[in-house]
Amino acid sequence: MIGFDYTKATSAQAAISAVNKDASALFIAGGTNLVDLMKRGVMNPQKLIDINALPLKTIEQKGNTIHIGALAINSEVAEHEIIKKHLPLLSQAFKAGASAQIRNMATVGGNMMQRTRCGYFYDTAMPCNKREPGSGCGALQGYNRMYAIFGTSDKCIAVHPSDMCVALAALDAVVLVTGPKGPRKILFTDFHRLPGNNPEKDNNLTRGELITGIEVPINAAFAQHSLYTKIRDRISYAFALVSVAAALDMKGKTIQSARLAMGGVAHKPWRLTAAENFLKGKEATVANFQQAASLVMKEAKSYGHNDFKLTLTPNTIVHTLKTVAGI
Ligand SMILES: Cc1cc2nc3c(=O)[nH]c(=O)nc-3n(C[C@H](O)[C@H](O)[C@H](O)COP(=O)(O)OP(=O)(O)OC[C@H]3O[C@@H](n4cnc5c(N)ncnc54)[C@H](O)[C@@H]3O)c2cc1C
Ligand code: SF4
């Protein structure tokens, strides 16, 4: 591992200005992703700004919104009473991620900022446009079983690895950020990026911006009918091959509105807007769920080893919706 300087920030402003004035500085929270990447030489910050002392751990209800601080620990959010009551989908998604030990260290902000688990990105002997822009993409012609089927480019076909983020995308969360130009809010679905020509950029944060928290609207109907399904190679400690976060507002058998997002299929949490629009006002039937899934699959493209996702994806959507609707 390379040598680096370490500073513990005592205020958000101090942390922001330390990162803003030094191009090789990075925030560190739980360290569960960043330290791995540093050990492998994938990321080489010369200065780490430890943000763990900042007062960003609160989980609370403010009116009709749940506020979760960026430094709230994944396991604590998952088990918090107001999260289990109002956002059970988010609680399930947290519990589906990583292992108990990692969830005890990982923070909400760090989870959002975690890098892809693409093996070529981690292997500094291989080409990777995300790690080294312009070097090529090892996965396109390589072993691409875990890779994306939506929103890819000829520069990168990696997927975003987070489970938490899939639930937050479905639940219309908003990201609270502060930086050199002051605070701003970003819709969760606009936070992460598709690869396009710049796969080195995972998200739309600008240099020096700090995530301070997220806000999630409370929706009692969605809390009653929601589910996070994660399909993976083993039951724990594995990233999603495909995952689905689903929430339905049901009146009898009729769907008033639906929220759907997927993980393991794109460079960002993949919101299924066409399927949501199709399901609005429809009966909860297997045929309607299959049609919603087929609308989603219109945009899919596979790369060989991940061809199986063309079947697994609609099957997981239909299975999740059937379970949520209780049919
Ligand atoms: C073996 C293993 C298995 C895993 N399996 C899963 C899984 O199945 N599902 C899943 O979702 N995740 C999984 N993870 C990933 C895990 O969730 C992340 O490592 C963790 O959430 C990162 O949080 P952290 O606080 O440790 O981030 P750190 O490692 O401290 O930071 C990660 C990045 O975020 C930046 N950052 C941190 N906080 C902020 C902030 N407030 N504002 C701006 N930037 C910030 C840092 O600069 C850094 O670039 C796994 C990890 C490991 C090691
Ligand atoms: S898929 Fe993306 S992250 Fe993986 S090797 Fe290609 S460019 Fe790099």
Side-chain angles (χ1 to χ4, degrees), residues 1-2 4-10 12 15 18-19 25-45 47-60 66-84 87 90-118 121-122 159-168 173 175-177 188 191-192 202-203 205 209-214 216 228 230 232 234-240 243 263-264 269:
M1 182 133 116
I2 55 150
F4 57 88
D5 289 337
Y6 170 89
T7 308
K8 196 154 187 153
T10 49
V19 164
L26 280 179
F27 303 124
I28 185 163
T32 59
N33 188 218
L34 183 54
V35 173
D36 273 358
L37 291 163
M38 290 170 67
K39 282 184 188 165
R40 289 168 181 248
V42 178
M43 292 177 78
N44 298 302
K47 189 179 264 187
L48 292 184
I49 311 300
D50 184 338
I51 56 173
N52 285 291
L54 306 184
L56 299 174
K57 292 194 170 134
T58 320
I59 304 165
E60 61 186 340
I66 306 286
H67 176 99
I68 306 172
L71 287 168
I73 299 296
N74 286 190
S75 53
E76 288 175 11
V77 186
E79 293 299 341
H80 200 285
E81 284 312 316
I82 64 171
I83 303 296
K84 287 198 285 190
L87 307 172
L90 181 60
S91 174
Q92 289 170 24
F94 269 119
K95 289 180 192 167
S99 66
Q101 293 92 333
I102 292 165
R103 293 196 296 270
N104 281 340
M105 288 299 295
T107 64
V108 165
N111 193 318
M112 289 171 60
M113 296 291 287
Q114 64 174 297
R115 312 286 323 259
T116 182
R117 307 306 287 201
C118 169
F121 173 71
Y122 268 77
V159 295
H160 193 267
S162 168
D163 292 294
M164 172 197 85
C165 292
V166 181
L168 290 173
V175 187
L176 310 178
V177 161
F188 201 87
F191 184 84
H192 296 98
D202 294 341
N203 55 62
L205 274 193
E209 280 190 312
L210 176 77
I211 303 164
T212 55
I214 49 173
V216 195
Y228 186 70
K230 180 175 179 180
R232 47 190 150 172
R234 56 184 180 203
I235 197 67
S236 117
Y237 214 35
F239 289 92
S243 69

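Fair warning: this is a prediction, and the values are worked out from it, not measured in the lab.
Residues satisfying the salt bridge (charged side-chain N to carboxylate O under 4.0 Å, His left out) criterion with K84, sequence neighbours excluded, are E79, E81. With sequence neighbours left out, A240 forms a side chain to side chain contact (heavy atoms under 4.5 Å, CB included) with D163, K230, S243. Evaluation of the side chain to side chain contact (heavy atoms under 4.5 Å, CB included) rule for H67 yields E60, K62, L176, E215 as partners, not counting sequence neighbours. By the salt bridge (charged side-chain N to carboxylate O under 4.0 Å, His left out) test, E209 pairs with R184, sequence neighbours left out. D202 is linked by a side-chain hydrogen bond (donor to acceptor under 3.5 Å, both in side chains) to R115, K130, counting only residues two or more places apart in sequence or in another chain. When the side chain to side chain contact (heavy atoms under 4.5 Å, CB included) test is applied to K47, the partners found at least two apart in sequence or on another chain are D5, D22, A25, I49. In this structure H160 satisfies the ring pair (Phe, Tyr, Trp, His ring centres under 6.0 Å) test together with H192, sequence neighbours excluded. Scored by the side chain to side chain contact (heavy atoms under 4.5 Å, CB included) test, T10 finds no partners at all (sequence neighbours excluded). Shown here are the side-chain hydrogen bond (donor to acceptor under 3.5 Å, both in side chains) partners of K8, two or more places apart in sequence or in another chain: there are none.
Here the side chain of D50 pairs no donor or acceptor atom with the backbone of T7 at under 3.5 angstrom.
For the pair A238 and R232, the tightest heavy-atom approach, listed with the atom from each and the gap, is O-CD, 3.7 Å. Here the shortest heavy-atom pairing between F4 and P45 reads CB-O, 3.7 Å. Closest approach of A29 and N52 over heavy atoms only: O-ND2, 2.9 Å.
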Can I get a per-line list of side-chain donor-acceptor pairs under 3.5 Å for residues 34-43, giving both atom names and the distance, sequence neighbours left out?
none

Table please: side-chain donor-acceptor pairs of residues 102-112 below 3.5 Å, with sequence neighbours left out.
from, atom 1, to, atom 2, distance (Å)
R103, NH1, K95, O, 3.3
R103, NH1, G97, O, 2.7
N104, OD1, S75, OG, 2.7
N104, ND2, A100, O, 3.4
T107, OG1, G110, N, 3.0
N111, OD1, Q114, NE2, 2.9
N111, OD1, S162, OG, 2.7
N111, ND2, N74, OD1, 3.0

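Side-chain contact between I59 and I83: present, with at least one pair of heavy atoms (C-beta onward) separated by less than 4.5 Å.
The structure places CG of L90 at 10.0 Å from SG of C165, a figure rounded to the nearest 0.5 Å.
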Task: Verdict with reasoning, V19 to L26, per side chain to side chain contact (heavy atoms under 4.5 Å, CB included) - done: CA-CA 6 Å; V19 164; L26 280 179; 5.8 Å; no

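Heavy atoms from other residues, nucleotides or ligands lying under 6.0 Å from CD1 of I235 number 12 at most.
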